[in-house]
Protein chains: 2
Amino acid sequence: VRRLRDVGEHAWIAALARRLAARRADRRVLLGPGDDAAAIRPGRRPLLFTADALVENVHFRAGWAAPAALGRRAWAVNASDLAAMGGVPRFALLALEAPPALRAADLDALVRGFVAAARRDGARLVGGNLAAGPHLAITAAVIGEAPGAMVTRAGARPGDELYVTGALGAAGLAVRRLTAGAAARLPDPPRRVRAGRLLARVASAMIDVSDGLLQDAGQLCRASRVGAEIDLGRLPIAGACRRALGRRAAAFAARAGEDYELLVAVPPAREPALRRLAPRLGCPLTPVGRLLAGRPVVRVRGLDGRVARIGRGGFDHFRR
Amino acid sequence: VRRLRDVGEHAWIAALARRLAARRADRRVLLGPGDDAAAIRPGRRPLLFTADALVENVHFRAGWAAPAALGRRAWAVNASDLAAMGGVPRFALLALEAPPALRAADLDALVRGFVAAARRDGARLVGGNLAAGPHLAITAAVIGEAPGAMVTRAGARPGDELYVTGALGAAGLAVRRLTAGAAARLPDPPRRVRAGRLLARVASAMIDVSDGLLQDAGQLCRASRVGAEIDLGRLPIAGACRRALGRRAAAFAARAGEDYELLVAVPPAREPALRRLAPRLGCPLTPVGRLLAGRPVVRVRGLDGRVARIGRGGFDHFRR
């Protein structure tokens with residue numbers, strides 16, 4: 001088994017640069033991996049710039065996912081941030097921290113997974129960094145192109161309807177099972193770049209659901225200075241989650257993280273346009289609540305019809 | 001003492017976003033920290049895109065440098081990569097991995113150090129990420145604007161003269177002392193963005209010296225498919241290194257990492273232009289050798305005049 005300490009940082013990077021250089025040329029990439037920096041030529045539009053990380057024993061544990069799935073996931077969590085602004089990812093860097101005893105083949109597979117997932121979304125890996133560390137940590141930085149009108153978290157108004165793409169709870173359930181030592185497969189995050197780009201035409205605000213629907217709805221509310229009411233009974237629940245948790249599935253899915261679906265606020269006047277767009281999103285879109293005037297508080301209408309304010313519900317790296 | 005686990009990820013990020021938003025507006029930053037991604041409007045030029053990381057117990061140990069100095073260093077190692085292509089940094093993301101018990105004030109000071117150093121070089125922190133982890137790891141991604149003619153590692157020709165900016169060995173000496181448990185101050189990396197931008201007008205190839213002069217010269221040679229001969233007797237040695245190591249200083253400085261000076265290849269025809277530029281670089285520029293036809297091997301002319309091929313000399317994360 002060839003490990004990183006056998007191959008060495010520079011030889012590993014050189015081999016990766018050769019493999020990436022062998023791909024079909026891209027006129028927007030003036031200089032790919034292997035030099036001090038990559039050189040790129042974006043279009044005339046404003047650019048979006050984001051970074052996100054997967055850290056071993058924080059976001060995943062060894063054995064939870066194959067290396068290629070980890071690479072795809074590192075791509076997906078970044079693409080999701082761009083999708084939530086209606087952006088289209090174009091260029092990526094991959095900054096890796098890896099233990100010297102890691103199999104070089106595993107790191108290769110991780111990068112291949114990242115590159116393949118990026119390519120499916122129209123983006124290219126143009127460089128990065130490799131450093132030794134006690135564990136595996138995968139940080140990606142991604143540049144995307146902004147749409148004509150940029151959608152932030154801050155544009156929603158009272159009266160806007162809240163929608164969520166796809167289904168919730170499957171990733172959170174897998175994480176809960178894996179954390180408890182049970183067998184489970186951590187699902188790949190959904191691909192929502194296309195949906196985000198289309199929804200940007202009608203959305204007043206958008207955020208991706210990474211820390212749990214209720215918590216991320218709270219972020220949108222604070223940025224937009226509105227309140228929200230979420231109907232638990234309307235949440236689109238992943239089949240696995242509903243089968244496993246029954247009537248508790250909705251409350252779980254509302255707080256579960258790692259879904260990487262989009263939460264979208266749509267003003268009433270744009271509902272007709274939304275209905276025309278919906279069939280092209282490539283995923284279900286479900287109304288889950290509405291925005292209200294007043295303090296930036298998320299209230300939840302339970303399955304019994306009663307409304308409650310909710311406390312901290314989602315994921316915070318430093319408060320468990 | 002307020003620690004990260006008392007403050008929480010989201011509250012810490014929100015406070016940072018508020019502080020950064022209070023700064024003077026920048027027309028190139030359409031949307032700063034606090035949303036899913038930053039939105040920026042670069043100029044018409046091609047962009048440079050780079051990422052580099054400082055990992056605790058790999059690049060530094062707790063107590064080696066104050067938090068603000070670590071932040072400045074995280075900026076400097078990235079700015080150095082852009083300087084080595086003649087680029088000017090414009091926008092940065094900061095992806096942090098930090099233990100829950102870290103003092104929030106220390107992380108604040110780290111970010112302030114990063115922001116201040118970026119501003120001095122004309123760049124702005126526009127976003128980032130914060131994740132929990134067992135140690136402190138600081139990854140930055142930086143976008144810069146490329147100069148008219150981009151300088152890579154690959155353009156050098158036999159007959160070009162090799163120059164290095166500033167002086168070598170001070171950082172390597174400090175790392176050696178600190179590693180041995182002695183008192184030392186890890187110097188801030190030099191600021192070479194201006195020098196890099198000017199040298200790009202005359203350079204055929206350029207690289208920053210992060211892993212040791214001989215090793216980084218080897219990278220330039222492999223990319224340019226040339227050989228090199230370095231004169232140990234001509235190396236600009238930092239005063240502290242010379243005083244501490246005497247006649248062994250040159251051999252040490254040739255292999256010491258962490259200098260972040262620029263190694264520049266200049267064709268003979270551009271020597272007159274280089275002499276006109278030199279007074280404006282803001283640092284010394286010293287000829288240290290020349291490029292040769294043949295295999296991409298770095299030879300060293302010792303203080304005794306004898307020439308030897310050198311083996312692996314510099315830093316590799318996975319081979320010590």
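By convention in this document, chain letters (A, B, ...) are assigned in the order of the sequence lines, proteins followed by strands, and residues within each chain are numbered from 1.
Leu94(B) does not touch chain A: none of its heavy atoms, backbone or side chain, sits under 4.5 Å away. For a residue to count as touching a neighbouring chain, one of its non-hydrogen atoms must lie under 4.5 Å from one of that chain's; by this rule Thr139(B) touches chain A with the side chain only. Residue Leu54(A): no heavy atom, backbone or side chain, is found under 4.5 Å from chain B. Of the atoms belonging to Ala101(A), not a single heavy atom falls under 4.5 Å from chain B. Neither the backbone nor the side chain of Glu56(A) comes within less than 4.5 Å of any heavy atom in chain B. For Leu48(A), the parts sitting under 4.5 Å from any heavy atom of chain B are the backbone and the side chain alike. In this structure, chain A has heavy atoms under 4.5 Å from both the backbone and the side chain of Ala38(B). For chain B, the nearby part of Ala92(A) is the backbone; its heavy atoms alone come within less than 4.5 Å. Residue contact with chain A, scored on non-hydrogen atoms closer than 4.5 Å, involves the backbone and the side chain of Ile40(B) alike. Looking at Ala14(B), neither its backbone nor its side chain comes within 4.5 Å of chain A, counting heavy atoms on both sides. Heavy atoms closer than 4.5 Å to chain B are found in the side chain of Arg44(A), but not in its backbone. Contacts between Ala223(B) and chain A at a heavy-atom distance below 4.5 Å are absent for every atom of the residue. Residue Leu93(A) touches chain B through both its backbone and its side chain, counting heavy-atom pairs closer than 4.5 Å.
Residues Glu97(A) and Val58(B) form no side-chain contact, since every pair of their non-hydrogen atoms from C-beta on lies 4.5 Å or further apart. Side-chain contact check for Arg222(B) versus His10(A): every heavy-atom pair is 4.5 Å or farther apart.
Within the 3.5 Å criterion, the main-chain N or O of Arg45(A) finds no donor-acceptor partner in the side chain of Arg41(B). A donor-acceptor contact shorter than 3.5 Å is absent between the side chain of Asp81(A) and the backbone of Ala37(B).
Contact detail for Met206(A) and Asp36(B): the closest heavy-atom pair is O-OD2, 3.5 Å.
For the options Gly87(B), Ala51(B), Pro46(B), heavy-atom pairs under 4.5 Å to chain A are most numerous at Ala51(B).
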